Amino acid sequence: MATDIGPPDFRAMLPEVIKKNYGKWKYHEILRPGVLKHVSEDGDILYTIRVGSPRLLAIDTVRDICDIADKFCNGHLRFTSRHNIEFMVTDESKVEPLIQEIRNKLGFPVGGTGRCISNIVHTQGWIHCHTPATDASGVVKAIMDELYEYFVEEKLPAKLRISEACCGNMCGAIHCSDIGIVGMHTRPPSRIDDENFLTWCEIPTTLASCPTAAIRRHTTEDGKKTVRIIEERCMYCGNCYTVCAAMPIAHPEGDGVAIFVGGKVSNAKTPPKFPRLASPWIPNNPPRWPEVVSAVKNIVEVYAKHARKGERLGDWIDRVGWPTFFRLTGIPFTEKHIDDFTGALATYRTSTHLKL
Ligand code: SF4
Ligand code: SF4
């Protein structure tokens, strides 16, 4: 049915071979990192070439990508939710020339399938959003430069998904990734702009935005209506700044990054699971974030060395136990790892059994 709002029906843009075989794909295999082969019940074959993209793309790069899709794929391509570009061809003889064209024209790597790290899904960061506690593309670029070999070669026990969200709003896929990098504020909004408060913000909505009731009405000595924060109640979520631009929360020393591990969406072998805290806070150190890069690389390498084939990061930790995870990675276990949320009792493990 035609509609004048929202995106067009996705079926209108499917490549012919996918339209024809919709719901009839029999199996697929990974020929090599970044090259998938799907076979349908009718015997049709589709080759997919997965390419890492930097997510933020110049218009010229988008034009180059589209030119390649026009030349090899009848004008079709798709972006995965992790910012990979996928080019699809039915003719096996086009696979190699297509990969060469991608290398020559775009300079992007082919990989990210199977037992590789896929592209890192990430958020807006300092380039666009107003509440980040860290950058997104900058951190991700620094990490993937270091972990490049794990994108182009199958060197891991199982697939490894990394994501980054630059604040606790978590527009990235932290909750369902093997390694999640989250921007953390650790100071309350401290520079409340009393001069502009009533021009930019409404007091009732600002008060209502705070989940911990940390914001109170305040009148300045010269009679200006504004607000103040009860600092011991603030949990640095930044929600007030989302509704009131007069309460910026970003802080050059207080902002940094936390790392979570062990999440996944997959139902294979074990059910989906949320990740848990590994590193509570690592300082921002742009432009290359060396501390964050080495913390992520350390987790990847320890996992690669100790997990069994087919074992996702969280499954490996479940098998060996969290004390072993902290011992092998050398990450200190501190009071920050103990959940002190008022409802945390419901999730505490109450058994005395520990895997050491
Ligand atoms: Fe903005 Fe937070 Fe989303 Fe990053 S995670 S894009 S800072 S809302
Ligand atoms: Fe409340 Fe969050 Fe703002 Fe702190 S940062 S005052 S907890 S809304």
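Just the heavy atoms: all of them, side chains too, but no hydrogens, waters or symmetry mates, feed the values below. Numbering of ligands and ligand atoms starts at 1, following listing order. Along the sequence shown, residues are numbered consecutively beginning with 1. Just so you know, these numbers come straight off a predicted model, no measurement behind them.
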field: Heavy atom of the protein closest to atom 3 (Fe) of ligand 2 (residue, atom name, distance)
entry: Cys240 SG, 2.3 Å
- request: Following the transitive rule for hydrophobic clusters with a side-chain heavy-atom cut-off under 4.5 Å over Ile, Leu, Val, Met, Phe, Trp and Tyr, establish whether Ile143 and Val261 coincide in one cluster.
  value: yes
For Pro132, the ligand 1 atoms whose distance to one of its heavy atoms is below 4.0 Å: 7 (S)
- prompt: At a 4.0 Å threshold, what atoms of ligand 2 neighbour a non-hydrogen atom of Gly238?
  reply: 2 (Fe), 5 (S)
statement: of all protein heavy atoms, closest to atom 1 (Fe) of ligand 2 is Cys210 SG, 2.3 Å
- request: Give the atoms of ligand 1, by number and element, whose distance to some non-hydrogen atom of Cys171 is under 4.0 Å.
  value: 3 (Fe), 5 (S), 6 (S), 8 (S)
field: Taking atom 7 (S) of ligand 2 as the reference point, the nearest protein heavy atom with its distance
entry: Met235 N, 3.3 Å
- line: Nearest non-hydrogen protein atom to atom 2 (Fe) of ligand 2, with distance, is Cys237 SG, 2.3 Å
- request: Would you mind telling me if ligand 1 is within reach of the side chain of Met170, the backbone, both or neither, using heavy atoms under 4.0 Å?
  value: backbone
- prompt: Are any of the side-chain nitrogens in Asp44 or Lys24 under 4.0 Å away from the carboxylate oxygens of its partner?
  reply: no
- prompt: Near Thr212, which atoms of ligand 2 are under 4.0 Å from a heavy atom of that residue?
  reply: 7 (S)
- prompt: Is it true that Asp194 and Arg228 have a side-chain N and a carboxylate O under 4.0 angstrom from each other?
  reply: yes
message: Any donor-acceptor pair under 3.5 Å linking the side-chain atoms of Lys264 with those of Thr270?
response: yes
field: Under 4.0 Å to a heavy atom of Pro211 - the qualifying atoms of ligand 2, by number
entry: 8 (S)
message: Is there a disulfide between Cys129 and Cys167 in this structure (defined here as SG atoms under 2.5 Å apart)?
response: no
- request: Number the atoms of ligand 1 from 1 as they appear, then name those within less than 4.0 Å of a heavy atom of Gln124, with their elements.
  value: 6 (S)
field: For ligand 2, the portion of Pro188 having any non-hydrogen atom under 4.0 Å away
entry: neither
message: So, applying side chain to side chain donor-acceptor pair (under 3.5 Å) with Ser137, which one of His128, Arg55, His122 is it?
response: His122
- prompt: Cys234 heavy atoms, cut-off 4.0 Å: which ligand 2 atoms fall inside?
  reply: 4 (Fe), 5 (S), 6 (S), 7 (S)
task: If the plane angle is over 60° it's perpendicular, under 30° parallel, otherwise tilted; pick one for Trp322 and Phe326.
output: tilted
Aromatic plane relationship, Tyr22 with Phe10 - under 30° parallel, 30 to 60° tilted, over 60° perpendicular: tilted
